[in-house]
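So that the names make sense, note that chain A is the first sequence line, chain B the second, and so on, each numbered from 1.
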Protein chains: 2
Amino acid sequence: MVPPALATVNVNGVRAACTKGLLGWLAATDARAVCLQEVRARPEELPAAFTDALRAGGWHLRLAPSETAKGRNGVAVLSRDEPEAVRVGFGHVETDLDGRWIEVDLPGGLTLASLYLPKGQAGTDRQDAKDAFCAALGDHLRTAFDRAAASGREMVVGGDWNIAPTEADLRNWRGNRRNSGFLPHEREWFAKLLEHGWRDLVRERHPGVDGPYSWWSYRGRAFDNDTGWRIDHLLATPGVADAAREAVVDRAPAHDRRFSDHAPVIVRLAAA
Amino acid sequence: MVPPALATVNVNGVRAACTKGLLGWLAATDARAVCLQEVRARPEELPAAFTDALRAGGWHLRLAPSETAKGRNGVAVLSRDEPEAVRVGFGHVETDLDGRWIEVDLPGGLTLASLYLPKGQAGTDRQDAKDAFCAALGDHLRTAFDRAAASGREMVVGGDWNIAPTEADLRNWRGNRRNSGFLPHEREWFAKLLEHGWRDLVRERHPGVDGPYSWWSYRGRAFDNDTGWRIDHLLATPGVADAAREAVVDRAPAHDRRFSDHAPVIVRLAAA
DNA sequence: CATGCCAAG
DNA sequence: CTTGTCATG
């Protein structure tokens, strides 16, 4: 029996990713649910090859495209079980229509969210927008954590957080201390989530090492040199985290070639 | 001994064309000079593979990029002999910097011009601009013709004229009578050039037949069905026209695949 | 249905 | 360096 697995991947445009191997990866994955970010397409713009593959793989798609800028953002959850409920946005009116948050309730008491956190640029209003998003998201995540604990549900948030939490989470941390994604206050914000009880599934399975990274710039030979960042995270409530047996970055979707500048992040859990 | 040949081709972006077979075509052509249109690059933006190929082929490049809109228009002449003089624009201040006309004097008394005539859209100000361009160009061409005759020089104008001169010059002429490129007044304008003495080299070698077309939309299966237009023309003074032995469209640059939505148009002349 | 531009990543 | 957009062809 295959242990249940969950995955998250920023596809950087599902239309392009489909031409480069996403479909092969999907066909081969053992994940029971996958969080997608940067889908960058409305439902009617999804490639036929993609919707066909979903049907063939028995996937349910719940998609929250950006309603505010076409061809941008867009998050989704693929699940082999049909979701019992779907919610788009987390109650932050400034961004709820931007295609940055979708959550589904899956049978068995698991809530799974797909997150695409704004990228930010230090010293600009785009950093202010990222910080405002984080403030609201932090409040929401702490509330959601407490509510899950009180109700006996579990929750996983998979996504592109655009934050490397520690010096172990990017190749050149010294050179990036003033760059968005590794700013001190961003790291503190992330640390507070862990203090509250959220568990970083990949870091827990890879203690005391650099990486594994999940994003590499397309520029230069960043991927070949593994000059990357660990910014795609699976954060989970304790019941899930305690069941995690393996949490890995699928750096080489060997089925095909690299289909995005991000690689899939996968957690495998002990059978319930 | 190879008879002298001249060619014209709209490359629809020299950077893209270089990745799709233009270089193979250039390496194989017997032309002694080639008119290029829609180069869509400034000198410093030309691919290294292109400039290398020019050096290897012994070509001289004279380029008139658009100074008014980057990535647009741009005409050039490639010649195996070094030009004795170069002129950009034909004295129409509204468009002389748009990368639509360059002419070179070649050794032996031939002036060769590369023309990219505006596309136009019926009923819009872009048609007005095309008509104004044509009015000025017509004056210039008649003057140039008379001057060539008086001085004993020959002249060839190769380019994308964006006008199909007669019903034989596009597949679906009935459906295009109200579309720019086949408007009655455009055809009359072209006919007046021939009345003045300019000679249409391809039509003279292909009398009484439909085509050969030189442009096919990228949409649908236009190329495979030969649903095209003959809008790329070589117009010449009588000395050249009388020496023409063959004038063809190189529909299948077999050396590689199709590198543009236009095909090269080539004339081969009797040895002088 | 291509081109190169652009803003964004 | 790549995405999808856009105006243009």
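Taking the ring-ring contact (aromatic ring centres under 6.0 Å, His included) definition, one finds that B/Trp59 meets it with nothing, sequence neighbours left out. For A/Glu188, the side-chain contact (heavy atoms from CB on, under 4.5 Å) partners at least two apart in sequence or on another chain are A/Pro184. Every residue two or more places apart in sequence or in another chain that forms a salt bridge (charged side-chain N to carboxylate O under 4.0 Å, His left out) with B/Arg55 is listed here: B/Asp52.
Here the P atom of nucleotide C/dA2 and the CG atom of B/Asp224 are 12 Å apart, to the nearest Å. Rounded to an integer number of Å, the gap from CZ of B/Arg258 to C1' of C/dT3 is 13 Å. Residue A/Gln37 contributes atom CD, which lies 17 Å from atom C1' of C/dA8 at whole-angstrom precision. Spacing between atom OH of B/Tyr116 and atom P of C/dT3 amounts to 14 Å, rounded to whole angstrom units. Between the CH2 atom of B/Trp215 and the P atom of C/dT3 there is a distance of 15 Å, rounded to whole Å.
Checked by atom type and distance alone, the side chain of A/Arg203 pairs as donor or acceptor with a backbone atom of A/Gly211 at under 3.5 Å.
Annotation: ring pair (Phe, Tyr, Trp, His ring centres under 6.0 Å) contacts involving residues 115-138 of chain A, sequence neighbours excluded, comprise A/Phe90-A/Phe133. Within the structure, salt bridge (charged side-chain N to carboxylate O under 4.0 Å, His left out) pairs that include any residue of residues 171-187 of chain B comprise B/Lys130-B/Glu186 (at least two apart or interchain).
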Query - Nucleic acid footprint by protein, nucleotides 1-8 of chain D - heavy-atom cut-off 4.0 Å, B for base, S for sugar-phosphate alone - result: BSBSS--S

